[in-house]
Number of protein chains: 4
Amino acid sequence: MAEPRFRRRKEDRPAEITAAALAEFSDKGYDAARVDDVAKRAGVSKGLLYLYFRTKEELFKAVVRSFVSPRIQALENGIRDTELSAEAFLRGPFLEFAKQIPKSPVRVLVRLIIAEGPKYPDLTKYYWDNVVTHGLSAIRQLIARGVRNGEFKASALDEFPQMLVAPVLFSVVWTSVFSKQHSLDSDRFIETNLEIILSAIRDTA
Amino acid sequence: MAEPRFRRRKEDRPAEITAAALAEFSDKGYDAARVDDVAKRAGVSKGLLYLYFRTKEELFKAVVRSFVSPRIQALENGIRDTELSAEAFLRGPFLEFAKQIPKSPVRVLVRLIIAEGPKYPDLTKYYWDNVVTHGLSAIRQLIARGVRNGEFKASALDEFPQMLVAPVLFSVVWTSVFSKQHSLDSDRFIETNLEIILSAIRDTA
Amino acid sequence: MAEPRFRRRKEDRPAEITAAALAEFSDKGYDAARVDDVAKRAGVSKGLLYLYFRTKEELFKAVVRSFVSPRIQALENGIRDTELSAEAFLRGPFLEFAKQIPKSPVRVLVRLIIAEGPKYPDLTKYYWDNVVTHGLSAIRQLIARGVRNGEFKASALDEFPQMLVAPVLFSVVWTSVFSKQHSLDSDRFIETNLEIILSAIRDTA
Amino acid sequence: MAEPRFRRRKEDRPAEITAAALAEFSDKGYDAARVDDVAKRAGVSKGLLYLYFRTKEELFKAVVRSFVSPRIQALENGIRDTELSAEAFLRGPFLEFAKQIPKSPVRVLVRLIIAEGPKYPDLTKYYWDNVVTHGLSAIRQLIARGVRNGEFKASALDEFPQMLVAPVLFSVVWTSVFSKQHSLDSDRFIETNLEIILSAIRDTA
DNA sequence: TATGAATGAGATTTCATTCAT
DNA sequence: TATGAATGAAATCTCATTCAT
């Protein structure tokens, strides 16, 4: 035929497909999302999708990989490179980071991990290895730094850095599940929790 | 012949079936759980199951109803009838209640609601109406009582009673998803969170 | 217990059940009619129904038997015993008989025979033996009598007594199938057909 | 290996499947016909069948559409375009058309409409809209033409064009139901009926 | 690469029939 | 007799995956 249609570059394909998959999973959940619809949304044939991702499960994993990991990476880098005090970092960049999660598309992935994780052990492992441990150890370092330079006293937070994460997870879940019933002001909820924790660990001696 | 092909136990059946369903949902999740297996586990034919529960969804709702509602009821009654001070109640019965949730079978249901809720709006509504609002309003009353009699000062907790729930939800999710990777001491996690919150709202003026 | 409830007499049971079955079949068709509903409508337990009729098919046959045969019997007797002329009988009792069929509950059975007959050969045979041949031979006799006493000339009707039946069957089918689309004045339709046939066979020589 | 597991023949599939469905419906009736068997008979997997016809009911409709509609169309066109007199058309093309119906596969569909119509209202509506009204109005036009040009006198046939159809329906039903008991000479039956009607409406003034 | 027609295992649900009570 | 709880075979429909083109 005379005129070759515009073709997206091959390198973009996987990203386009995972983006479409995230959208489908978000709308329907993992099981109910049909591979057919993912392909359609990505503007690609089913066969091609299977060329890039060998199974639906593989596709799911790729979605998690491509959307969650970068965020955590960013947090880690931020903590490593910052010149702010620990408290200033928590009130600034960390809070910012935490507040946007319940509003971003990633929140869907958190729900999916909760929902499907038990069924896909190696996905859970991947998530643990690449997301949870990284995030947690970054937070731990930040707190340790705060203790070292006299901002914070030794406290339960040393043992349970998860305390800073719990309100975020709660907001994500609440927002995902009860959006029709109630709207939580997740910004203030997360902020308030942070303040309470800070006031409990600040070294006021 | 020794054993009759079936027995008539109309009264026990529903409970036996919901128990089997909880177990099966717990192992596989809602979608992956097969009605056939639920029936088998209950020692009952598929047909009989459908005599008591008209659809798989109906069965799911019945499971929620029979396992979650009673617990919340108990909490509500406890708060209504207690003669303890607000703080004493939080440190005593409430903490007890909160701590056992991540260990009890109900924890599975919490995960299921998170996982399947968006797909079954009326289940979510049921859960909201019968579990969340009851639980929340009971907690709110307890806090209000504490404020009224001078134990607590006015605080963010008045607006966000969810703060007392977030660590519990976090523990449930963590335990459900990462049981293979890490074991959270959920008792101490929940306790610690409670202590921090209490120290922040105690009226020390 | 003190007061024995009123109990219908045992002899009536089968009739009550076939009546209920006719009603159910009429509403739903044979396949879609549920034995459970027939029993419920008859005010009887499913078990008892199966005591009287060993299978659903048996029940179906009994319904045909009890509702159709008596009518044909009546027609036969009428033709045998009448003192009317052939034409007078056709315009009188026969027409009356023919006109009420599309309006009576029996019309359902005609439709059922058409629908299910091919699936139940022995039911078809029963219907043939007990309904069709009787009816047809009665009509044939009537016509022969008319020819014998000079009312009618020899005609195609001798060979095809079905010609008198076709409009009735047509009315039954039309009424059963297209009741929502169109209402046929079956009385006049049947009457008109009869008149045309009569005018064609009347011996006016 | 010799023969590929499947072939792609998008265009032919629907026709192959409806043909198989007609055969299967003819043997078993609508309800008793299993989709699986239809597929098998068409040499196709169940899944593919559902790719072309979204439900069993849809398949049924397609069968009606593809087999009945064309015939009626042909009749309509014949009546519109003919240069024959009304009587000549009735004795010629119309009679031909009428006589072959009880012998053609379409006869099965007529029986199916009678059997299943009441359960599938929109199928009945489709049949009414696309078959019955077309056929009837064509016949009506033919008769009106005959009256206009002095062949026929005004008669009951103006009101009841169904009179020309009743013998055909009767033949179809008889043939379908009582094939084992009796063989009706449907050609002569239909012919005779037509003659009688013609003799009654011919304008001999 | 790219397509989408084709497959087939499997899931939910229904209902005639049985049988302990 | 009479009940209705219990069975289990089957039927429709879905969808991840394959593969001829």
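Remember, it's a predicted structure, so these values are computed and weren't measured experimentally. Convention: sequence-line order gives letters A, B, ...; per-chain numbering from 1.
- Taking OG from C/S176 and CD1 from D/I113, the interatomic distance works out to 13.5 Å, rounded to the nearest 0.5 Å.
- Rounded to whole Å, the distance from NZ on D/K40 to P on F/dA11 is 10 Å.
- Taking the six-membered ring wherever Trp is involved, the centroid distance between the rings of A/F60 and A/F53 does not fall below 6.0 Å.
- The distance from atom CZ of B/F53 to atom P of F/dA6 is 12 Å, rounded to the nearest whole Å.
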Handout entry: Summary of protein contacts for nucleotides 11-17 of chain E, nucleotide by nucleotide, where a base hit scores B, a sugar-phosphate-only hit scores S (4.0 Å, heavy atoms)
Key = SSBBBSB
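- Remark: nothing in residues 114-126 of chain B comes within less than 4.0 Å of DNA chain F through any heavy atom.
- The C1' atoms of E/dT1 and F/dT21 are separated by 13 Å, rounded to the nearest whole Å.
- B/L48 is listed as a side-chain neighbour of B/S45, based on a closest heavy-atom distance under 4.5 Å.
- Atom C1' of nucleotide E/dT3 and atom CG of A/L49 are separated by 13 Å, given to the nearest angstrom.
- Here the C1' atom of nucleotide F/dC15 and the CG atom of A/L59 are 15 Å apart, to the nearest Å.
- By the 6.0 Å and 45° rule, C/R13 does not stack over the aromatic ring of C/Y52.
- Contact annotation: the side chain of C/I114 approaches that of D/R111 to within less than 4.5 Å [non-hydrogen atoms, C-beta and beyond].
- In this structure, B/P118 and B/A115 approach most closely via the heavy-atom pair CD-O, 4.0 Å.
- Within 4.0 Å of B/Y52, counting heavy atoms only, lie sugar-phosphate atoms of the nucleic acid but no base atom.
- Scanning both residues, A/A32 and B/K119, for their nearest heavy atoms gives CB-CD, 3.8 Å.
- Contact detail for D/V38 and D/A20: the closest heavy-atom pair is O-CB, 3.6 Å.
- Atom pair B/L51:CG and E/dC19:C1' shows a separation of 15 Å (rounding to whole Å applied).
- Between A/E58 atom CD and F/dT18 atom P the separation is 13 Å, expressed in whole Å.
- Taking only side-chain nitrogens and oxygens, B/R13 comes nearer than 4.0 Å to OP1 or OP2 of F/dA6.
- In this structure, C/R107 and C/V110 have side chains that are not in contact, with every pair of non-hydrogen atoms separated by 4.5 Å or more.
- Cation-pi geometry between B/K56 and B/Y30 is satisfied (NZ or CZ under 6.0 Å from the ring centre, within 45° of the ring normal).
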Problem - Paired and unpaired positions of DNA chain F as dot-bracket, Watson-Crick or G-U wobble under 3.5 Å, | denoting a partner strand - result: .||||||||||||||||||||
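- Put simply, the side chain of D/S69 never gets that close to the backbone of D/S66: no donor and acceptor are under 3.5 Å apart.
- In this structure, D/K28 places its NZ atom 11 Å from P of F/dT12, rounding to the nearest Å.
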